[in-house]
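Single-structure report; data block below.
The shown structure was predicted, so the numbers you read here are calculated from the model rather than taken from an experiment.
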There are 2 protein chains.
Amino acid sequence: MGDTLEVETAPQCQAVNDILARVGDKWTVRVVMSLAEGSSRFNELRGIIPAISQRMLTRTLRNLERDGLVTRTVTPTVPPRVDYALTPLGQSLVGPVAQLGNWALANIAEVERSRRRFDAEGPGV
Amino acid sequence: MGDTLEVETAPQCQAVNDILARVGDKWTVRVVMSLAEGSSRFNELRGIIPAISQRMLTRTLRNLERDGLVTRTVTPTVPPRVDYALTPLGQSLVGPVAQLGNWALANIAEVERSRRRFDAEGPGV
DNA sequence: CCGTATCCACGACGATACTG
DNA sequence: CAGTATCGTCGTGGATACGG
């Protein structure tokens, strides 16, 4: 009982859920984790996360910038150079997200076993 | 380098992201948090989370059951009675989720300030 | 009481093509 | 290099009505 959780009674539930949804979207965690190891340029990130489309990388980074989790630094050369980096706020998110990520890694096997069991017995019963 | 995060190199990224997406959906966290305080019947949960529709509560609970995070106990009386409770696996998820929830609570103000700033300066520049 | 079925709106996401 | 524009698909989520 060490840690209390004041999550469910506040009207801020909406706001919290909003954050959770951002973290839960398809690419945010990947991008944040990549930037946690150092700032990167746009196409560097595309190399690190090959599956992401240009469009979604742009959108994800814009959202993170809007939320104050990432800085976008434009160097107006030719060709242009843009560097992305985590803000202190963004860095403070890495720990909690990693916790959840580690939980997922540790338990994904059991979850998938459960899913197969559920899907198998469903029609039968 | 205290805590390592083996999140981004594994092929399990897909699976992890899958878990994150489930946690990030609109109702899962609310339901899990409610059940963390004790098992509940269907309409009890509707009372605790008034904004959720019948359909979405059913879907959310089914997903949680499929993932092995929640048990569904049917008492075949008339009218029927159904109790939902967290499994040990589900309970083990409460801690990490609460961590992230607390981060969100602690930082939502700064995030929203950042959002307003971003939205204000966007068109101007 | 506890669902399922149906319909619909909306936003996330992907592919492709184009620009400064 | 680092985007924006456009189009299309898909899944989520809400409202409503019906069934066991």
Side-chain angles (χ1 to χ4, degrees), chain A residues 13-14 17-32 34-35 39-67 70-85 115 118-119 122-123 125, chain B residues 13-14 17-31 34-35 39-67 70-85 115 118 122-123 125:
Chain A
C13 271
Q14 158 74 27
N17 216 310
D18 187 40
I19 304 268
L20 269 322
R22 172 105 344 132
V23 169
D25 77 10
K26 195 168 181 182
W27 300 111
T28 294
V29 168
R30 291 291 301 272
V31 170
V32 169
S34 298
L35 291 178
S39 70
S40 288
R41 301 178 56 180
F42 190 84
N43 276 1
E44 264 185 281
L45 286 170
R46 293 198 70 186
I48 297 170
I49 315 169
I52 197 173
S53 66
Q54 205 171 33
R55 173 182 147 85
M56 288 316 296
L57 181 53
T58 301
R59 284 172 62 94
T60 302
L61 288 167
R62 280 288 182 285
N63 281 332
L64 288 170
E65 188 195 359
R66 190 172 102 98
D67 288 358
V70 157
T71 57
R72 178 170 176 273
T73 309
V74 181
T75 311
T77 55
V78 180
R81 174 194 178 99
V82 182
D83 287 280
Y84 293 93
R115 288 211 260 244
F118 186 91
D119 294 343
V125 178
Chain B
C13 270
Q14 158 74 27
N17 216 309
D18 187 41
I19 304 268
L20 270 320
R22 171 101 348 128
V23 169
D25 76 11
K26 195 168 182 181
W27 299 110
T28 294
V29 168
R30 291 291 302 272
V31 170
S34 299
L35 291 177
S39 71
S40 289
R41 299 178 58 181
F42 189 84
N43 277 0
E44 265 185 280
L45 285 170
R46 293 199 71 184
I48 297 170
I49 315 169
I52 197 172
S53 66
Q54 204 170 36
R55 173 184 148 87
M56 288 316 296
L57 181 53
T58 301
R59 283 171 63 94
T60 302
L61 288 167
R62 280 288 182 285
N63 281 331
L64 288 171
E65 189 194 359
R66 190 172 102 98
D67 288 358
V70 157
T71 56
R72 178 171 176 271
T73 310
V74 182
T75 310
T77 55
V78 179
R81 174 197 179 98
V82 183
D83 287 280
Y84 293 93
R115 290 210 258 242
F118 186 91
V125 179

R72(A) side-chain proximity, nearest of dG13(D), dG3(D), dG3(C): dG3(D)
Sugar-phosphate, base or nothing in reach of R55(B), heavy atoms under 4.0 Å: base
d(CD, Q54(B); C1', dC7(C)) in whole Å: 17 Å
Side chain of D25(B) (C-beta onward), nearest among dC1(D), dC13(C), dG13(D): dG13(D)
Contact list for residues 50-67 of chain B, test side chain to side chain donor-acceptor pair (under 3.5 Å), sequence neighbours left out: R115(A)-D67(B), D119(A)-R66(B), R22(B)-D67(B)
Touch class at under 4.0 angstrom, heavy-atom based, for R41(A) against every strand present: sugar-phosphate
Shortest non-hydrogen contact between R30(A) and N17(B), atoms and distance: CG-ND2, 4.1 Å
N/O (side chain, Y84(A)) to phosphate O (OP1/OP2, dC1(D)) under 4.0 Å: no
Sugar-phosphate, base or nothing in reach of R46(A), heavy atoms under 4.0 Å: nothing
Given dA2(D), dG3(C), dC1(C), the nucleotide with the shortest approach to the side chain of F42(B): dG3(C)
Residue M56(A), side-chain heavy atoms: nucleotide from dG3(C), dC1(C), dC13(C) that is nearest: dC13(C)
Phosphate-side-chain proximity, R59(A) and dG14(C), N/O vs OP1/OP2 below 4.0 Å: no
